[in-house]
Amino acid sequence: MSEFAIFLTSMILTGVFLVFCIAVDLCSIVRKSRVVKPVEFLPPEGFSPLDAALVYSARSVKANSFLNPLLLYWADQGYVSIEEDGRGLKVKGLKDLPPYYKSGRCNEDIYDCEQTLFSAMFRDSRYFYTLTARKSFDTEYDKAVEECRKMSRSVIGKLGKRLSLVMKLLAAALAFAVGIMISFYIQMPIAFILLFPVIGAFLIKFLPAPFFVRVPFMLVWGGVPLLAVLFMMPMPNTFRIALGAAVLTLVLTVCFFAEKADFRSGEDLKIYGKVCSFRRFLTVADKNRLEALVEENPNYFYDILPYFYVFGITKKMKKKFDKIIPDGSMRSLGPIRDIYID
């Protein structure tokens with residue numbers, strides 16, 4: 001093959017693959033957008049903030065920010081009380097979480113994860129201080145976060161998981177195919193160098209390290225060898241463009257396109273519609289409507305407060321409820337209302 005033929009073939013393969021990825025994601029988005037969303041004033045029955053977060057956000061869920069909403073949820077359910085002291089927030093365990101069959105919850109795996117976290121907090125004492133948490137609790141919390149991430153990858157349904165995997169494998173195959181064609185032409189085994197960005201792209205989301213550690217590490221791991229190939233090895237500029245485009249497509253697919261493939265079952269989509277409707281109601285409801293709900297159920301604010309966090313609408317809801325819920329002590333939270341909803 002000539003230089004231009006290799007370049008043209010690479011660009012066509014990359015373009016076709018991108019069209020395929022975009023088509024899959026658009027189908028997923030359209031399918032979810034057509035779900036019936038009835039008006040919901042409360043989360044679905046049996047849904048904790050963790051249940052709602054996983055259903056609403058799926059693989060984009062922020063699994064490392066669940067402690068505050070869970071503490072609020074447990075306080076609202078009467079399992080803990082929360083107050084402020086010189087060591088941050090003092091959480092007192094009032095009673096143990098019941099077994100799953102008595103809990104009224106809808107997902108046993110998620111409930112088991114919460115039970116494990118609750119038990120770790122109060123293993124040695126009925127008091128837990130957020131600023132002086134024991135190292136053993138940090139370990140258990142990290143395990144719970146990782147378990148949530150695993151569950152979030154299953155929310156998208158079997159078809160979604162298969163399509164996501166296919167997109168990732170095809171992206172890797174595309175990068176290697178372009179590398180092999182260029183290798184044969186310039187008679188240098190640059191295709192093997194692509195192992196570094198391929199491995200980096202696949203591992204960047206799964207390394208057991210904080211985001212600010214694993215991302216720079218993987219950028220160096222995959223980026224330095226690739227840059228060495230692009231700028232130090234003798235090859236036409238067209239090949240540099242083709243190879244760069246293939247690797248960029250690989251990274252975008254693994255980190256973005258494949259993550260958007262969400263094809264849940266019909267029943268799961270109904271639950272998704274209810275969760276979306278609940279969030280939408282909270283964000284669009286006017287002051288009069290919220291006042292009516294609080295008058296009907298004085299505990300309404302406390303029942304829905306934990307969900308502000310998992311939906312990312314805390315500040316917006318604070319502005320709405322500031323004129324409805326008076327300042328001062330909160331049932332089960334003590335005088336720390338502003339700490340939690342600022």
[X] side chain to [Y] backbone, donor-acceptor under 3.5 Å:
X: Arg59; Y: Val155; value: no
X: Ser28; Y: Ala261; value: no
X: Ser33; Y: Val30; value: yes
X: Ser164; Y: Ala258; value: yes
X: Arg279; Y: Ile313; value: no
X: Thr253; Y: Met167; value: no
X: Tyr300; Y: Phe41; value: yes
X: Ser119; Y: Thr116; value: no

What is the distance from atom SG of Cys113 to atom CD of Glu140, rounded to the nearest 0.5 Å?
-> 10.0 Å
Sub-6.0 Å ring centroid separation between Phe137 and Phe128 = yes
Parallel, tilted or perpendicular: which fits the ring planes of Tyr127 and Tyr129, with parallel below 30° and perpendicular above 60°?
-> parallel
Are Arg153 and Glu259 within salt-bridge range, i.e. N to O under 4.0 Å?
-> no
Is a salt bridge present between Lys143 and Glu146, judged by a nitrogen-to-oxygen distance below 4.0 Å?
-> no
When clusters are formed by joining ILVMFWY residues with side-chain heavy atoms under 4.5 Å apart, either directly or through shared neighbours, do [X] and [Y] land in the same one?
X: Tyr302; Y: Leu50; answer: yes
X: Tyr56; Y: Leu54; answer: yes
X: Ile241; Y: Val16; answer: no
X: Phe311; Y: Val284; answer: no

Would you give me the side-chain donor-acceptor pairs under 3.5 Å for residues 174-197, sequence neighbours excluded?
| from | atom 1 | to | atom 2 | distance (Å) |
| --- | --- | --- | --- | --- |
| Ser183 | OG | Gly179 | O | 2.7 |
| Ser183 | OG | Met188 | O | 3.1 |
| Ser183 | OG | Ile190 | N | 3.2 |
| Ser183 | OG | Ala191 | N | 3.1 |

Looking at Phe263, is Arg162 sitting on its ring face, NZ or CZ under 6.0 Å from the six-membered ring centre and within 45 degrees of the normal?
-> no
Going by distance alone, is a donor N or O of one side chain under 3.5 Å from an acceptor N or O of the other, for Ser48 and Asp51?
-> yes
Counting only heavy atoms not in Arg126, do more than 12 sit closer than 6.0 Å to its CZ atom?
-> yes
Check whether any side-chain heavy atom of Trp74 lies under 4.5 Å from a side-chain heavy atom of Met121, and answer yes or no.
-> yes
